[in-house]
Amino acid sequence: DTEVTQTPKHLVMGMTNKKSLKCEQHMGHRAMYWYKQKAKKPPELMFVYSYEKLSINESVPSRFSPECPNSSLLNLHLHALQPEDSALYLCASSHGVPPYEQYFGPGTRLTVT
Amino acid sequence: AQSVSQHNHHVILSEAASLELGCNYSYGGTVNLFWYVQYPGQHLQLLLKYFSGDPLVKGIKGFEAEFIKSKFSFNLRKPSVQWSDTAEYFCAVTVDSNYQLIWGAGTKLIIKP
C-alpha cells in the first residue's frame, strides 16, 4: 500500500478563520512532508518531520503551523491566511533514511477569500 | 546551488510517437533521481527512480529513463505514447543524504488522439 490520504479535498476559508489540514500514511514511513503547489509549478517544500520531530522549516510564515502527533499523522494548522496562500497543499511521506523516496497524497485545494 | 533543468516546457505529440523528455541536474556528488507524473486532476505519482546500479531504469506504464553520469542527465523515454499519457512530468533530484527534492520546472505533455 503506497497510499497517503489527505483531508479535506477542498477548503475555502476567510482570512480570519482557523482551519487544519490532515494527512495520514500507513506505510511505516518515518519522514513526512508538507508542500505548497501553485498551478503549473513544481511543489515547494514547507516542512519536514523526521521521526516525529520538525527537521526542516523552509522559512514558512507563522500563519502555517505544522504538527506531527504520531508517526502516521501530520497536520497543518492554518490561521489568518492571505489570498496569496491559495494553492494545492500536498503531503508526502518517505522512509526515514536516504534516499527519501517520497510518496504524495492527493492534496487539499485551499482557497482563501 | 544545485538545480534541475527540464529542456521542454511544452511538448505536443501524436499517439504512437516516441517520447524523450530531457532532464539535467547540476551537482557533482551523489544524487538520487526521480521522475514524477501529475495527470490532470490527479496527484503526483512516482513514475520511476534511480539510486544506483543499472543506469537504465524502467518504471510504470512503459516509461524508462537512462542515467548518464558524464552528462548529468536523466532523460525520460517511451517508445510509443498514448493519449492517456497527457500530463505534467517533473524531474527531481535529492543530493547526498538530504531530504529536499530539487525540482525541475516541469514539462507539460499533450498527446493528440
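So you know, we letter chains A, B, ... as the sequences are listed, proteins then strands, and number each from 1.
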Is [Y] reachable from [X] through a run of I, L, V, M, F, W or Y residues, each pair having side-chain heavy atoms under 4.5 Å apart?
X: B/L48; Y: B/V31; value: yes
X: A/V60; Y: A/V112; value: yes
X: A/V48; Y: A/L76; value: no
X: B/F74; Y: B/Y89; value: yes
X: B/V4; Y: B/L33; value: yes

Problem set entry | A/S94, part contacting chain B, at a heavy-atom distance under 4.5 Å |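 The answer is neither part of A/S94.
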
Exercise. So which part of A/P98 gets closer than 4.5 Å to some heavy atom of chain B, the side chain, the backbone, both or neither?
Worked result: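 For A/P98, side-chain heavy atoms alone lie under 4.5 Å from chain B.
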
For this session: Please report the closest heavy-atom contact between B/L44 and A/P43, naming both atoms and the distance.
Result: CD1-CG, 3.6 Å

Exercise. Does NZ in A/K38 sit with more than 12 non-hydrogen atoms of other residues, nucleotides or ligands closer than 6.0 Å?
Worked result: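 Yes, enclosed.
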
Exercise. Counting heavy atoms not belonging to A/H95, are there more than 12 under 6.0 Å from its NE2?
Worked result: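 No - once you tally the heavy atoms of other residues, nucleotides and ligands closer than 6.0 Å, there are 12 at most.
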
Return the [atom1] to [atom2] distance between [X] and [Y], rounded to the nearest 0.5 Å.
X: B/Y36; Y: A/Y103; atom1: OH; atom2: OH; answer: 8.0 Å
X: A/E101; Y: B/L46; atom1: CD; atom2: CG; answer: 5.0 Å
X: B/W103; Y: A/K41; atom1: CH2; atom2: NZ; answer: 14.5 Å
X: B/H43; Y: A/Q37; atom1: NE2; atom2: CD; answer: 12.0 Å
X: A/K40; Y: B/Q38; atom1: NZ; atom2: CD; answer: 11.0 Å
X: A/F104; Y: B/L101; atom1: CZ; atom2: CG; answer: 6.0 Å

For this session: Heavy-atom pairs under 4.5 Å with chain B are the metric here; pick the option from A/G105, A/A31, A/A92 that has the most.
Result: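 Result: the option with the highest number of such pairs is A/G105.
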
For this session: Can you tell which part of B/S97 gets under 4.5 Å to a heavy atom of chain A, answering side chain, backbone, both or neither?
Result: both

Exercise. Looking at B/K49, B/E88, B/H9, which makes the most heavy-atom pairs under 4.5 Å with chain A?
Worked result: B/K49

Exercise. Taking side chain as C-beta onward, heavy atoms only, is A/E58 less than 4.5 Å from B/Q100?
Worked result: yes

For this session: Test side-chain contact (heavy atoms from CB on, under 4.5 Å) on A/L45 and B/Y99 and set out the steps.
Result: CA-CA 10 Å; A/L45 183 65; B/Y99 291 107; 5.7 Å; no

